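Keep in mind that the numbers below use all heavy atoms, side chains included, and drop hydrogens, waters and symmetry copies. Since the structure is predicted, the reported quantities are computational estimates derived from the model, not experimental observations.
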Amino acid sequence: MTSEFLMTATTLKQTILQHMNQQSSSATKTLNLLSIGQRGVGKTVFLAGSYIELHSGFTAERPQKLWFDSHNSQEQEKIEKVLNYITQTGQYPPPTMKIANFNFSLKRHGWWKTKTLCDFSWWDLPGESCDFNNPKYQKLVLSSHGCCAFINAEALVNNAAYLPQLTQTIDQVAAIASLVNQHNIKYAIALVFTKCDLLAPEPLSLLQIEEKIQPLLSRLDAAKTNYQKFYSAIPLVTFAGVPQLKPTGAATPILWLVSELKRLHQTQPKQDLGSGLKQQLLSPVEQTFIFKQMLGSKSLPLILSGIGILGVVGIAVTSLWGGKPLAIAPKAASDTDSKIQAYEQLLQNDPGNFDALVELANLRIQQGQPNLAIPLMEKLVRQEPERLELQLNLAQLYKLTEQLPKAESTYDRVLLQEKDNVAALVNKALIRVEQGDRQTANRLFSQAEKAAPPNLKAKVRDIAKNSLSSRE
């Protein structure tokens, strides 16, 4: 199977090298590359293999050579520690136990000089850290310009139990892709299928990978994601009695990511994911809401514990459920699709079932389909129009789907019922800023600051200042 994959990798690598040669050598902001994948999938081996492949082998006869250069001796020690473990033990390094950051420069040897093409940071994460509930991981996601998502190709083909275990990874990648698409953010995703050297060298293995991962590919295609698939083979061999990695084409995913991100950001300053959201006037709390969309059923109920009561300025959350479990919990629903089917069936028989409407809306948001959650939330608002938190959630869904007139009219209804509702005031002000109505926005921000609790007044001022200055 290795030859099937490496032919593609070699061709792509040549194309990337050509493209990098054509790009400007001017100093650029560091690119932050995120890694997503389960424990033991091979993220650390991938980084080590990429480093070995590009760092070694430069000769006078092969001067046009891309390579990674560590920023300092400490950075060099970190990567050398991984390589020494392999040499001394004859084994792959154990799974990463803590978040580690590797800073490299991507350089090219030329006939007369060495040229730095860009700097990049690679975050090597323990599998259990790749969880949107983890604040550190949230920060890394927001600071990233692109990511590598890792999937064990050998387990995918040969272990029937592996695909269900990938649900979290698939949902995370799809959620990032949906967010990037919704807000028109420049981002790139590399799908890296690891341990391909353990598969039979035949096209059938490749077809099996494609077939089993099709649900993820369909979601990426639907979100118009800028992504590329890569098949990684980094066998551990012994040469002259010394254990070592033998990577071929291993560095291609990183080279593609760097090349693609340089192309995307060639005409404007680089923006990470968080900066892209801020430019879209998403507040920190709205970003928190987006992470809630990504979390899955652990955050039940997503909508009602999210932006509705929180609002834009972080008002303390109060549970609508009083600690009671939801009444509707189909035992047969083992995954998102089956849960959706179960709740849709229940609503056919009982269209006004409040709990089922909430749960189905949550599931639609988890799948990155806020447009399908809107009619469900509209029904909830019609059922209980006096509950302002429901209207605030509906307004935010309108806003997330860029239906600003509907969002603003919903905030107006909230303000008719509660004229000093801080969340409605600030959110409506943000819409007025986006519409170019600074006078109304200033008035709303002032009213919100006056109505806000003492500990939140400064927060309202910051939101007002940042949003108004971004439109100057």
Side-chain angles (χ1 to χ4, degrees), residues 33-38 41 43 125 127 129-134 137-138 140-142 144-153 156 162-194 209-230 253 257 260 272-274 276-277 282 286-300 302-303 306 333-341 360-373 397 400-401:
L33 306 182
L34 180 71
S35 64
I36 299 176
Q38 296 174 309
V41 73
K43 299 189 294 294
L125 308 175
S129 294
C130 298
D131 185 342
F132 285 131
N133 280 302
N134 181 350
Y137 184 59
Q138 291 184 12
L140 293 179
V141 171
L142 289 175
S144 66
H145 298 89
C147 76
C148 284
F150 292 88
I151 296 170
N152 184 332
L156 188 66
Y162 179 67
L163 186 56
Q165 297 172 11
L166 278 178
T167 299
Q168 183 181 31
T169 298
I170 290 173
D171 285 347
Q172 287 181 355
V173 175
I176 291 173
S178 176
L179 180 64
V180 166
N181 180 45
Q182 287 178 35
H183 300 284
N184 196 28
I185 298 169
K186 298 183 185 301
Y187 200 87
I189 298 175
L191 298 180
V192 183
F193 297 94
T194 62
I209 293 174
E210 294 281 331
E211 178 185 14
K212 293 192 175 185
I213 208 64
Q214 192 57 45
L216 172 59
L217 301 184
S218 297
R219 294 170 72 176
L220 295 180
D221 290 337
K224 301 177 183 178
T225 309
N226 181 17
Y227 75 97
Q228 185 72 258
K229 294 172 291 183
F230 301 90
L257 266 180
E260 191 66 10
D272 55 31
L273 188 59
L277 293 178
L282 287 183
E286 287 177 297
Q287 292 179 27
T288 299
F289 172 67
I290 287 168
F291 277 114
K292 286 177 178 291
Q293 293 183 41
M294 300 175 179
L295 287 175
S297 58
K298 293 179 182 179
S299 295
L300 180 68
L302 282 178
I303 294 175
S334 57
D335 57 21
T336 300
D337 290 336
S338 61
K339 286 179 181 178
I340 287 175
Q341 186 177 7
L360 184 56
N362 286 329
L363 292 169
R364 288 303 187 188
I365 290 177
Q366 291 169 28
Q367 288 198 320
Q369 300 172 324
N371 56 313
L372 296 182
L397 288 174
L400 287 171
T401 54

Handout entry: For N226, all residues meeting side-chain contact (heavy atoms from CB on, under 4.5 Å), sequence neighbours excluded
Key = A188, W256, E260, R263, L264
Fill in the blank from the handout: Partner of L220 under side-chain contact (heavy atoms from CB on, under 4.5 Å), picked from I213, V173, I176, is V173
Practice task
Could you pull out all residues at least two apart from F193 that satisfy ring pair (Phe, Tyr, Trp, His ring centres under 6.0 Å)?
Solution key: Y231
Completion exercise
Between the OH atom in Y137 and the CG atom in L34, the distance rounded to the nearest 0.5 Å is 5.0 Å
Handout entry: Stepwise side chain to side chain contact (heavy atoms under 4.5 Å, CB included) test for I170 and R219
Key = CA-CA 9 Å; I170 290 173; R219 294 170 72 176; 3.9 Å; yes
Problem - Y187 versus S144, side-chain donor and acceptor atoms under 3.5 Å - result: yes
Exercise for the section: Nearest 0.5 Å please: distance from the CG atom of L397 over to the CG atom of L372. Expected result: 11.0 Å
Handout entry: Min side-chain heavy-atom separation V180-L273 under 4.5 Å
Key = yes
Completion exercise
In terms of heavy-atom contacts, K43 and G37 come closest through NZ-O, 3.1 Å
Exercise for the section: Please report the closest heavy-atom contact between A373 and A361, naming both atoms and the distance. Expected result: CB-O, 3.7 Å
Practice task
Carefully, step by step, assess Q168 and I36 under the rule side chain to side chain contact (heavy atoms under 4.5 Å, CB included).
Solution key: CA-CA 10 Å; Q168 183 181 31; I36 299 176; over 6 Å; no
Exercise for the section: May I have the step-by-step check of side chain to side chain contact (heavy atoms under 4.5 Å, CB included) for F150 and T169, ending in yes or no? Expected result: CA-CA 8 Å; F150 292 88; T169 298; over 6 Å; no
Problem - Heavy-atom closest contact (Q38 atom, Q165 atom, distance) - result: NE2-O, 2.8 Å
Exercise for the section: Heavy atoms only: give me the nearest V41-T194 pair and the separation to one decimal. Expected result: O-OG1, 2.7 Å
Exercise for the section: For residues Y227 and L191, report the shortest heavy-atom separation together with the two atoms involved. Expected result: CD1-CD1, 4.0 Å
Exercise for the section: State the CG-OG1 distance between L216 and T225, to the nearest 0.5 angstrom. Expected result: 8.5 Å
Problem - Set of residues satisfying side-chain contact (heavy atoms from CB on, under 4.5 Å) with respect to Q341, sequence neighbours excluded - result: none
Problem - Spatial distance of atom CG (L217) from atom CD1 (I209) [nearest 0.5 Å] - result: 11.0 Å
Practice task
Check for a donor-acceptor pair, side chain of S178 on one end and backbone N or O of A174 on the other, with a separation under 3.5 Å.
Solution key: no
Problem - Side-chain heavy atoms of L156 within contact of L163, under 4.5 Å - result: yes
Problem - From L400 atom CG to N371 atom CG, the distance as rounded to the nearest 0.5 Å - result: 11.0 Å
Fill in the blank from the handout: All heavy atoms of L257 vs all of C148, minimum pair found to be CD1-SG, 3.5 Å
Handout entry: From CD (Q369) to CD1 (I340), nearest 0.5 Å
Key = 6.5 Å
